[in-house]
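Presented below is the structure to which this report refers.
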Amino acid sequence: MALVIDGKAIAAEVRNEIKIKVSERIAAGKRTPGLAILLVGDDPASQSYVGGKGKACAELGVYSVIERRPENTSEEEVLSIINEWNRTPEIDGILVQLPLPKHIDENKVILSISPDKDVDGFHPQSFGRLVIGIPGFVPCTPAGIVELLVRSQIPLKGKHVVVLGRSNIVGKPIANLLYQKNPRANAVVTICHTAAPDFRVYTRQADILIAAAGVPLLIKADDVKEGVTVIDVGINRVDDPSASKGYKIVGDVDYESVFPKAYAITPVPGGVGPMTIAMLLNNTLKSIEMSENQ
Ligand code: NAD
């Protein structure tokens, strides 16, 4: 029987720890952390993510500002909102919900966020710190994956981690985190991507498989070895006429078939997903603490 890594429960634990720290700050007469979120356009998934982030801030006592702008907002206006937030002392973290409309240069926007408020961890300065292995903002989904592994006591030292996917928000940062020489990492990491003639050559060698390909149910039982730990990052909508919404969410891993072979596995939903918002709030708290220690 595989251990089911319960992301909901672990995220609730992390959120509770943050809530305690925030209330201790307030009791000590200190300022509460502040998070500013910009949403451009009306993509339903983005709307729902932003709603979830705002709600989590309220629950944890974190101050939040959410700016919603229409699809046709100019790049100039987006940059000016960020500039304003960069200078606002009550705001410790700035998050621009991605993807942005096509007429806005995403890289330019990411670069405009002050590295001191980069709670999404997408600024090159944050990524550089992560690669070198010095403190900084770690992107939320990869940070959440590390928490899931560490809190589930999955050994990492010397283990072979195979990461499927090389995106800037998941694949690259999680791979770079897990080979670092520290007690929460120290694994041997392989990154596999679309240029691999056959990804199975790699996934079958994994002690820990991190699937972040964005392809529904790509990984089957034959693609992994006995005793593997599987972290399924995928959030994919597939048609399901029996569901009230007409679709359901599945991961990149065929959970039913892989489960009997696995040592541990994350479900979708309820695995990596809930960790992402928890780590965003953790980064916001980290930001205010770092600014006080400067
Ligand atoms: P992406 O599309 O930017 O990157 C996918 C990567 O997978 C690419 O680098 C590609 O090379 C690789 N890939 C795709 N098919 C492959 C194959 N057959 N063999 C080998 N490599 C392959 O996606 P992303 O933004 O990294 O997200 C990946 C998945 O994770 C998506 O389903 C996304 O919705 C989900 N996601 C979840 C969370 C969360 O909070 N749980 C956060 C971010 C992304």
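Each ligand, and each atom within it, is numbered from 1 in the order the structure gives.
Checked by atom type and distance alone, the side chain of N86 pairs as donor or acceptor with a backbone atom of S112 at under 3.5 Å.
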All N/O donor-acceptor pairs, side-chain side in residues 262-270, below 3.5 Å, sequence neighbours left out:
unit_1: T266; atom_1: OG1; unit_2: D232; atom_2: N; d: 2.8

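L111 contributes atom CG, which lies 10.0 Å from atom CG of D118 (distance to the nearest 0.5 angstrom).
For Q180, there are no side-chain hydrogen bond (donor to acceptor under 3.5 Å, both in side chains) partners two or more places apart in sequence or in a different chain. Taking K55 as the reference, E59 meet the side chain to side chain contact (heavy atoms under 4.5 Å, CB included) condition, with sequence neighbours excluded.
Under the 4.5 Å side-chain heavy-atom criterion for Ile, Leu, Val, Met, Phe, Trp and Tyr, Y63 and L281 are members of the same hydrophobic cluster.
When heavy-atom distances to ligand 1 are checked against 4.0 Å, the residues falling inside are T141, L164, G165, R166, S167, I169, V170, H193, T194, F199, A212, A213, G214, V215, L218, V233, G234, I235, N236, V272, G273, T276, ordered by chain and number.
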